There are 2 protein chains.
Amino acid sequence: MIRTTTTMPNCKDCPIRHNAVCSKCEGDELRKLEEIKYYRSYDAGQPILWRGDPLDHVASLIEGVATISQSMEDGRTQMVGLLLPSDFIGRPGRGVAPFDVTAITDVKVCCFRRKPFEQLVQSTPNISNRLLEMSMDELDAAREWMLLLGRKTAREKIASLLVLIARRMSPKRGAQVPSHTEFNLPLTREAMSNYLGLTLETVSRQLSQLKSDGLIELSGQRGVVVPDLGLLISETGETWDAALA
Amino acid sequence: MIRTTTTMPNCKDCPIRHNAVCSKCEGDELRKLEEIKYYRSYDAGQPILWRGDPLDHVASLIEGVATISQSMEDGRTQMVGLLLPSDFIGRPGRGVAPFDVTAITDVKVCCFRRKPFEQLVQSTPNISNRLLEMSMDELDAAREWMLLLGRKTAREKIASLLVLIARRMSPKRGAQVPSHTEFNLPLTREAMSNYLGLTLETVSRQLSQLKSDGLIELSGQRGVVVPDLGLLISETGETWDAALA
DNA sequence: CGAGTTATTGAGGCTGGTCAAATAACGTGG
DNA sequence: CCACGTTATTTGACCAGCCTCAATAACTCG
């Protein structure tokens with residue numbers, strides 16, 4: 001179910017106000033964005049965009065988790081991005097979606113009509129500079145992920161994903177992540193496998209393996225406890241200097 | 001050998017003038033860029049940047065081919081980007097190189113001192129918008145590559161790389177690539193393996209296999225003849241791929 | 001509680017990796 | 001121009017890691 005909200009909450013109260021594409025805007029600039037925005041909600045599992053869809057808007061993810069993925073005609077699928085609150089969907093100057101985007105939890109987005117948004121990007125350095133920062137962050141993340149996909153073992157892949165989620169889901173973004181951490185996986189085993197370039201069986205086996213090695217505890221299908229994040233990090237194959245964001 | 005050129009060619013005569021980060025600038029903006037630029041050359045095989053290097057400049061690649069790569073401490077290496085003329089090296093607001101950059105042919109770059117360049121990015125939409133375009137293009141390319149790394153078979157990977165090179169090396173860029181094509185590989189087997197997430201032995205074996213299947217001919221270490229590009233494309237696993245890159 | 005979905009576990013096979021050796025191409029100096 | 005040493009590439013034998021197919025278990029939600 002897709003819903004378009006008619007009530008227009010004020011940007012001042014927006015939970016992603018200080019991280020999203022609008023984060024550097026104030027006063028008049030913010031007001032212009034406010035004029036062209038509207039909200040949409042998607043239920044878990046809903047497609048947000050299919051490759052090839054015409055794009056009449058871009059958007060910021062407000063709530064929930066979505067994935068960007070690509071697939072081959074025989075069904076092989078690779079996730080190429082994870083969208084969390086404040087992440088940006090779409091691309092100025094691009095009228096057609098190049099990838100599939102799917103809500104994996106209930107999702108709420110803040111849409112901007114594309115044409116007026118593109119004009120704002122052109123004329124507002126506070127927007128284009130923020131967008132540049134965000135896309136370069138994503139490029140760095142994509143390149144990190146290429147190392148994982150091309151060169152890491154299944155165990156290293158799983159450990160890397162868990163560490164990534166522990167960091168990104170941690171209540172205190174940016175701050176030091178505590179050694180003992182717990183979180184709920186926002187992804188099914190299948191989604192994880194598509195993210196890591198593995199099969200879901202291998203994901204399940206490696207999780208069990210990490211569990212029996214005492215590096216994690218599993219509770220239910222989604223709950224994960226990491227007693228010592230440092231130990232888990234040492235399984236990722238990374239040099240600890242890669243502690244970016 | 002790294003050389004810093006003292007003579008300052010005029011931007012008007014620059015071969016990448018209309019594709020690089022400066023492509024939207026004219027007159028005064030171009031002059032400001034010209035003030036903070038200098039040239040450097042690197043021999044084939046030379047490192048241009050090591051991860052962790054302090055960055056006092058950003059740059060545009062003028063001539064040659066370079067790679068962006070990442071490696072793990074045990075030596076596993078993954079190429080995460082290929083830099084061709086007009087591509088941009090570095091990132092405003094980033095003082096440390098996040099990846100290794102290596103010249104694989106002789107390379108010439110146009111450097112801009114970082115601090116003044118960052119100020120120009122802030123104040124010049126013609127620069128930041130172009131930079132945004134370029135980084136989004138790279139992001140799209142990285143995401144295409146993630147599908148290859150995560151989900152394609154060795155044979156599909158090799159076929160994809162050959163098709164990519166055939167397209168890019170083809171004298172007629174952009175135009176329809178002829179069905180019969182010949183080119184010289186700009187990469188060693190090892191470089192290919194690092195690009196594809198394979199071992200060099202597997203690369204060699206798959207090339208031999210494609211040869212014995214009549215899809216390609218090999219002459220010397222680098223020469224490749226593709227009698228029918230369409231047949232090779234059908235081995236890449238791609239759908240209606242074509243028009244990108 | 002029961003049907004459907006999601007996850008775990010097992011057995012066996014195949015792809016691609018590892019180790020090793022042979023061959024081919026390249027470059028240098030005589 | 002050739003001999004020789006070096007490097008790049010090919011090929012072989014073997015094997016490990018991950019995938020496939022299949023059955024069972026756990027969880028979710030009406």
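Keep in mind the model is a prediction, meaning the values are calculated, not measured.
- Counting to the nearest Å, the P atom of dT28(D) and the CG atom of Asn184(A) are 10 Å from each other.
- Within 4.0 Å (heavy atoms only), Gly223(B) reaches no atom of the nucleic acid at all.
- Residues from residues 199-213 of chain B with heavy atoms under 4.0 angstrom of DNA chain D, sorted by number: Leu200(B), Glu201(B), Ser204(B), Arg205(B), Ser208(B).
- Atom-to-atom, CG of Asn194(B) to P of dT9(D) comes out at 12 Å; the value is rounded to the nearest Å.
- Each of Glu190(B) and Arg155(A) was matched to the nucleotide of DNA chain D holding its nearest heavy atom; the match closer to the 5' end belongs to Glu190(B).
- At most 12 heavy atoms of other shown residues, nucleotides or ligands fall within 6.0 angstrom of atom NZ in Lys108(A).
- Atom CD of Glu190(A) has 12 or fewer neighbouring heavy atoms from other residues, nucleotides or ligands inside a 6.0 Å radius.
- Residue contacts shown for Gly197(A) are limited to sugar-phosphate atoms, with no base heavy atom under 4.0 Å away.
- Look at CD on Gln221(A): it is 12 Å from C1' on dC29(D), rounded to the nearest Å.
- With respect to Asp137(B) and Arg91(A), a salt bridge is recorded, a charged nitrogen being found less than 4.0 Å from a carboxylate O.
- Arg222(A) has its CZ atom 13 Å from the P atom of dC27(D), to the nearest Å.
- Of all nucleotides listed (dT10(D), dT9(D), dG17(C)), dG17(C) comes nearest to the side chain of Leu198(B).
- Within the 3.5 Å criterion, the main-chain N or O of Arg143(B) finds a donor-acceptor partner in the side chain of Gln70(A).
- The CG atom of Leu185(A) sits 13 Å away from the C1' atom of dT6(C) (whole-angstrom rounding).
- Checked by atom type and distance alone, the side chain of Thr105(A) pairs as donor or acceptor with a backbone atom of Val65(A) at under 3.5 Å.
- Remark: P of dC18(D) and NZ of Lys152(B) are 22 Å apart, rounded to the nearest angstrom.
- Going from atom CD1 of Ile158(B) over to atom C1' of dG16(C) covers 12 Å, rounded to whole Å.
- Between the CG atom of Leu187(B) and the C1' atom of dT7(D) there is a distance of 17 Å, given to the nearest Å.
- At distances below 3.5 Å, at least one donor-acceptor pair connects side-chain atoms of Asp74(B) with backbone N or O atoms of Arg76(B).
- A salt bridge links Glu238(A) to Lys152(A): at least one charged side-chain nitrogen sits closer than 4.0 Å to a carboxylate oxygen.
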